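See below for the structure under consideration.
So that the names make sense, note that chain A is the first sequence line, chain B the second, and so on, each numbered from 1. Heavy-atom basis, side chains included; hydrogens, waters and symmetry copies ignored. Since this is a predicted model, take the numbers as computed values, not measurements.
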Amino acid sequence: MLLKVALPLPLEPMTYLPPHASPRPAAQALGYRVVVPWRGELRVGLVVGLEEGSHKSFALREAVAYLEPGPWLRPEDIGFLAQAARDSFCPLGTLLADLLPFLEPPLKHRVRLVPQADPRVLPKGLEALAQGWQEARGFDPKLLDFLREAGVLQEEVAEQRSAPQALRVLQEPPEELGEKAKVAWSALRDLGQAESMAALARAAGVGVGVVKGLLQKGYIGWVEGATQPEVPPARSLEPLPLPFLPLRLEGGRLGERIRALATLLQEGPALVLFPEVALLKRFQPFFPQALVFHGEMKPEERRRVWERVGAGGPASALCTYQGLLLPLRLRRIVVVEEAAEAYKLPGGSRAFVPRLARLRAECLGVSLHYWSAVNSLEARAEPALALPPPAPRLHLLDLRQERGWPLSGAALALLQQVQAKNRQAIVLSPRRGYSAVLRCKDCDWKAMCPNCALPLRFHKSGRVGFLQCHQCGYEQKAPALCPSCGSDVFDPRGPGVEWLWEALAQHLPTLPRYRYTAEAKDDLAPLLAGAPGVLVGTTAILRGPVLPELALVLLPFADGFILEADFRAAERYHRLLWQLADLHPRRRPLLALQTFEPGHPAHQALQKADPKGFLSLERAQRQALGYPPASRMVKLEVAHPKEPVARDAILQLAELLRPRAQPGELLGPAPAPVARLRGQYVFHLLLKGAEERIQALIAHLPPVRSARLRIDPDPQRFVGLLED
DNA sequence: AGCACGCCGACT
DNA sequence: GTCGGCGTGCTC
């Protein structure tokens, strides 16, 4: 019996002989984590298949050991994994690496020479192995592998379990210790323990250096086994009576959707998927009995959950994508906010989690439910239970008539009202592609990133301006004069956060301002305590805390969200507006939009407090153009550091595909919207059509020489920027 | 993904 | 004459 072992690498499973030292018959090894030799070192993989008989062309290596006494996944979980890899057009290992980033734990590894062996076989440097068990670390792995292959190495491997550690005070510091050090020491004494140096520094209001100093001098120290995972205090809720258990629920407020979920979970255990941890945590307090699994948990906590699931009883679980493979006994899978872009896996598979969830449900034979404020068009095939959405208070400011930019007189008046009533406001910037760009007014020169085909963004810290690429992080000082024509008439402008920030300072100097973007988050404590002020930021705000006195949400350049070369831009914008309308659990803040398109269907949908009209319009358009969900779309992406090489490769690929494709199935080739990324030139082709047609085209994809080809199985966004 | 092996330019 | 660029190919 041979083992098919999947490693978290972009490869198909490899074949190994079963570990000879294990009493477990290989026939039972399916789903086990196994340690195998790989390129002279040890790696952890997953047994995803068994093969009868012996192998032909090359000598197989022997697996070293199973990591646990029990399997990690069931046959149905592995079946799903294999099918999902096929659906994502990637090797099984790629998807394994994406879905189980915690598959490979640090290993405790000990070795010795087999007792019967002659110590003289030991090469120089390994003589100690004849003396008995040794830590493998410190020996040359290549030499160890030589002994392993020769069959004279005995090995013990196990997961390195790190007991949770915490900082505690160890001894009273002497009098002459610095003021700050004393403060930090007393803070730790009062706290009892701290999870990290940074946490203690924060709590004590000192720098991390102070804590380090205390640690070095031995007044505080790390102790084992102290910390407990943070569990939010449980909160009770009243399940929302439902006329039936819907496959698709939309509308209502977040609180109602949580209550409706409670009703659903009463009907049997479910896997509930969330696009991001922040949203999961808003549900968590109401489901204290459910398992929780996500990437912010410590390895130790995750291991405990996985073991509990493997041990058996049915249970519901709140998870991010990392929980998709949990071997749970389920009745259903629930996908919360299935249109969220955070569901796109950033790794090699580029899979889209809701699509994987559908496959998972099919493989397990359980029902799949979508649970969102506004369902995606993809989900709308299912019959819905529509809760009445909160009626948004919408105020459209027509930029064709309003004066003042970026903040019109009307917008300023609204902000003044907020201030007068001691309330809070949010000013939201699209930022993406439209934030401050350094542009010369005389010759139209623009500061560009030397690595990416993107304008550099202008930032200001104090009096110094600097330029930064938001894609690759490249940074330089802003030039004083235009490098092209020598003019000093620069115009660093755009409706980015910085500019709005300054405009607010100028027009409303007494209104307290706070910044909130993915990169820069101000301390919002005063706002959370109810103090008046305005929060300026990007859509990262949606994932931030709730402002208790929120009265106004202002989008100075709402059109910036629609102006993207992307067939989903309007749908995204529409969803954003509904999300903004539901930002506060009870209040209905005024949503003020500065726009050149007050008649946009998304605006009409909000005015009528009904998303259906917009969505059916959008759906009809997609249908007419043959875009998803009316078809399957797949993106082929070719990248190379040399522009002509990448161009030739994509042209050749398109030429070979064109005779096989039907009209409308092959779009492009075209340079990617960001034509140069991290020093690579990127071109893409889109395939769209019926599922079987796309499958057939990809199955016979001509090999791409000379450039790197990647397949995006479910492209969500065609402007691949990282920023918010 | 890493990592080794293999052919063509600027240098201790 | 070498060191080193990254193009190509392989990993059980």
Side-chain angles (χ1 to χ4, degrees), chain A residues 1-22 26 29-30 32-67 78 81-82 85 88-104 107 140-151 153 155 157 345-351 451 637-650 652-653 676-682 702-712:
Chain A
M1 194 64 87
L2 303 174
L3 308 180
K4 286 278 191 199
V5 178
L7 293 159
L9 298 169
L11 300 166
E12 292 300 343
M14 298 285 168
T15 311
Y16 284 88
L17 295 165
H20 77 272
S22 169
L30 194 65
Y32 277 68
R33 283 202 295 181
V34 66
V35 180
V36 294
W38 176 260
R39 292 179 142 273
E41 310 216 326
L42 293 188
R43 297 288 305 252
V44 177
L46 190 73
V47 181
V48 294
L50 303 168
E51 208 173 83
E52 206 77 55
S54 60
H55 212 70
K56 34 322 25 186
S57 46
F58 46 84
L60 291 176
R61 299 295 309 268
E62 185 186 303
V64 175
Y66 302 114
L67 252 194
I78 293 166
L81 189 59
S88 307
F89 311 110
C90 69
L92 199 150
T94 303
L95 198 61
L96 185 69
D98 281 1
L99 290 183
L100 301 179
F102 45 86
L103 176 77
E104 270 188 293
L107 293 177
D140 180 353
K142 290 275 187 295
L143 291 180
L144 285 180
D145 195 49
F146 172 74
L147 295 182
R148 186 181 292 130
E149 208 165 358
L153 190 68
E155 304 187 76
V157 280
L345 295 184
S349 73
R350 303 201 180 192
N451 307 317
E637 203 178 79
V638 167
H640 194 272
K642 296 196 183 88
E643 200 260 5
V645 178
R647 178 187 297 273
D648 286 351
I650 198 86
Q652 199 192 7
L653 180 63
R676 191 164 180 230
L677 222 54
R678 293 170 199 276
Q680 297 243 318
Y681 287 89
V682 186
V704 176
R705 281 172 20 82
S706 72
R708 193 198 62 192
L709 170 74
R710 290 180 70 169
I711 302 181
D712 186 329

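- Contact check on A/Lys642 versus A/Asp648 returns no salt bridge, with no Lys/Arg side-chain nitrogen under 4.0 Å from an Asp/Glu carboxylate oxygen.
- Checked by atom type and distance alone, the side chain of A/Arg350 never pairs as donor or acceptor with a backbone atom of A/Ile711 at under 3.5 Å.
- Regarding A/Met1, its CE atom lies at a distance of 18 Å from the C1' atom of C/dC12, rounded to whole Å.
- As a whole-Å value, the separation of A/Lys4 NZ from C/dC12 C1' is 9 Å.
- We find that CD of A/Glu41 is positioned 14 Å from C1' of B/dA4, with the value rounded to whole Å.
- The two residues A/Ile78 and A/Val47 come nearest to each other via the heavy atoms CD1-O, 3.6 Å.
- Annotation for A/Glu62: atom CD counts as buried by contact number, over 12 foreign heavy atoms lying within 6.0 Å.
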Can you give me the N/O atom pairs linking the protein to nucleotides 7-11 of chain C at distances under 3.5 Å, or say none if there are none?
residue : atom : partner : partner atom : Å
C/dC10  : O2   : A/Arg39 : NH2          : 3.3
C/dT11  : O2   : A/Arg39 : NE           : 3.3

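- Atom CZ of A/Arg708 and atom P of B/dA1 are 7 Å apart (whole Å).
- Between A/Arg148 and A/Asp145 there is a salt bridge, since at least one side-chain N of the basic residue sits less than 4.0 Å from a carboxylate O of the acidic one.
- For the side-chain hydrogen bond (donor to acceptor under 3.5 Å, both in side chains) with A/Thr15, the lone residue among A/Glu51, A/Lys4, A/Arg61 that qualifies is A/Lys4.
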